[in-house]
There are 2 protein chains.
Amino acid sequence: MGIAERKERERLEMRERIIQGALQMFLEEGYEKTSIRNIAEKIEYSPATIYLYYKDKDELLYEVQKQCFDMLAEIFQKEATAHDPFTRLEQICYTYIKFGRENAQLYDLMFIIKAPMNVVVEQKLWTNGHDAFGFLVHTLRQCIEQKQVRFKDPITAALQVWAMGHGLIALDIRCRIKVLEMTEEQVQCTIHDSIKEYLELIKY
Amino acid sequence: MGIAERKERERLEMRERIIQGALQMFLEEGYEKTSIRNIAEKIEYSPATIYLYYKDKDELLYEVQKQCFDMLAEIFQKEATAHDPFTRLEQICYTYIKFGRENAQLYDLMFIIKAPMNVVVEQKLWTNGHDAFGFLVHTLRQCIEQKQVRFKDPITAALQVWAMGHGLIALDIRCRIKVLEMTEEQVQCTIHDSIKEYLELIKY
DNA sequence: CAAATTTACTAAACACTGTTTACAAACCAA
DNA sequence: TTGGTTTGTAAACAGTGTTTAGTAAATTTG
């Protein structure tokens with residue numbers, strides 16, 4: 001009875017098609033213009049069809065977010081390869097900043113907008129960001145073991161490093177950095193310097 | 001001819017009434033449920049009337065944001081009074097974190113959502129955040145002069161401190177901190193520890 | 001004071017949004 | 001082939017920001 005398998009396969013293909021349409025909309029127009037109707041039009045189906053495959057928009061965005069985190073994990077794996085833990089930490093930070101600035105729309109979905117987190121309630125936990133954060137924690141644990149950083153607890157350390165990176169990117173993406181009254185290049189430079197200075201600060 | 005003056009006064013009163021209605025909606029329901037229609041209903045006017053006093057929603061939100069920044073500045077003035085610059089820096093940080101966690105909806109409008117920044121384009125600069133940021137820069141300049149912190153440039157320093165604080169609050173408000181798999185109290189504690197540890201880090 | 005004009009306001013519409021419902025067509029099993 | 005399930009959609013509902021046309025009150029003018 002191969003029909004059930006084929007149907008299941010077709011179902012997954014459709015889910016994938018919807019995700020890719022949504023991802024494309026996000027990349028091209030940003031999250032504000034990514035409506036169910038736009039996604040439906042992009043994949044040449046009616047809006048109602050999307051609701052046969054996803055409970056609501058939040059659930060769809062959650063899956064798109066998962067896709068984005070897979071991309072980030074892949075980039076980390078490619079860019080943060082140093083054997084020395086602290087060097088790897090530096091690679092992680094700069095890669096993160098670069099990813100955020102080059103993929104502002106995706107960064108929005110991953111770390112700023114509330115929507116995809118609505119599916120994560122009560123007991124259910126957020127697994128999308130797990131791998132990337134785990135990689136950071138692991139690297140910081142090695143840094144601590146080898147006494148390369150002024151931290152004691154790898155989790156607290158990871159949160160602090162992450163918050164610093166996210167803070168800089170988020171303030172930039174959401175234009176609050178305009179308070180500095182700088183040109184685009186100056187801002188980019190200042191953000192880079194801030195991370196660099198911070199890494200110097202935590203180094204033993 | 002006092003009529004013109006009275007009309008101008010009435011106009012300002014109406015603008016104020018709209019802002020207060022919007023602010024109330026923000027405080028009670030958050031920005032997602034703050035629609036022009038809701039604000040209009042709250043102040044007992046038709047939605048169209050709001051457009052006689054504000055060009056669009058972004059312009060209104062910008063004014064509400066200004067009000068929020070005035071509130072923050074007032075709180076800073078009340079809470080960060082220490083004569084010693086570094087102590088004052090600590091007060092600023094803890095006050096900022098406290099404000100963010102206690103007024104998540106306002107924090108959203110001030111630092112996270114894009115809308116109010118749309119009115120700030122090209123030449124026009126963002127004055128809402130000027131005072132609060134200036135206060136931080138001023139404090140850090142004094143810290144640097146008295147060699148209390150491991151920073152050279154007060155602007156870069158201010159950006160870094162701000163980014164750290166904002167990063168922690170933003171990740172919390174937008175639920176990304178769920179990756180830590182902690183209880184609400186643990187999160188609150190970890191955020192506080194992170195700031196504390198960071199302040200230790202930058203102290204000479 | 002009465003007429004003309006300007007001002008202040010709103011009902012209704014437009015073009016969107018996420019989502020649901022009722023229905024049609026395709027597919028599969030008997 | 002009949003009957004039932006699956007798959008997809010048009011249309012509607014309730015909401016959004018915003019604009020337009022029109023009304024009623026306030027003000028100025030003759």
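Throughout, a chain's letter reflects where its sequence line sits, starting with A, and its residues are numbered from 1. Please read all numbers here as calculations on a predicted model, not as lab measurements.
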- Test salt bridge (charged side-chain N to carboxylate O under 4.0 Å, His left out) applied to A:Lys98 - qualifying residues, sequence neighbours left out: A:Glu102
- Item | Distance, rounded to the nearest Å, where A:Glu13 contributes CD and D:dG8 contributes C1' | 17 Å
- Could I get the full list of salt bridge (charged side-chain N to carboxylate O under 4.0 Å, His left out) partners for B:Glu63, not counting sequence neighbours? B:Lys66
- Mind checking ring pair (Phe, Tyr, Trp, His ring centres under 6.0 Å) for A:His138 and listing every partner two or more places apart, or none if nothing turns up? none
- Message: Rounded to whole Å, how long is the line connecting atom CE of B:Met25 with atom C1' of D:dT16?
- Response: 13 Å
- Can you tell me how far P of D:dT7 sits from CD1 of A:Ile43, to the nearest Å? 15 Å
- In terms of the angle between their ring planes, are B:Trp162 and B:Phe133 parallel, tilted or perpendicular, with boundaries placed at 30° and 60°? tilted
- Check the distance between D:dT7's C1' and A:Arg15's CZ and give it to me in whole angstrom. 16 Å
- With sequence neighbours excluded, what pairs up with A:Gln186 under the side chain to side chain donor-acceptor pair (under 3.5 Å) test? A:Thr183
- Message: Does anything in residues 107-118 of chain A come within less than 4.0 Å of DNA chain C? Heavy atoms only, and list the residues if so.
- Response: none
- Task: Could you tell me which residues satisfy side chain to side chain donor-acceptor pair (under 3.5 Å) with B:Asp58, sequence neighbours excluded, listed by chain and number?
- Result: B:Asn118
- Query: Could you run down nucleotides 9-21 of chain C 5' to 3' and tag each one B, S or - for protein heavy-atom contact under 4.0 Å?
  - Reply: BBB-B---BBBB-
- Query: salt bridge (charged side-chain N to carboxylate O under 4.0 Å, His left out) with A:Glu79: which residues, sequence neighbours excluded?
  - Reply: none
With 3.5 Å as the limit, what N/O pairs link the protein to nucleotides 25-27 of chain C?
none

- Polar side-chain atom of B:Arg88 near backbone of B:Cys143 as donor-acceptor pair, under 3.5 Å: no
- Item | Partners passing side chain to side chain contact (heavy atoms under 4.5 Å, CB included) against A:Cys175 (at least two apart in sequence or in another chain) | A:Lys178, B:Met117
- Please state how far atom CD in A:Glu8 lies from atom P in D:dT6, giving the value in whole angstrom units. 13 Å
- Message: Checking B:Asp108 now: which residues fulfil side chain to side chain contact (heavy atoms under 4.5 Å, CB included) with it, not counting sequence neighbours?
- Response: A:Lys114, B:Tyr31, B:Ile112, B:Ile113, B:Ile173, B:Arg174
- Item | Partner set under side chain to side chain contact (heavy atoms under 4.5 Å, CB included) for A:Asn38, not counting sequence neighbours | A:Met25, A:Ser35, A:Glu41
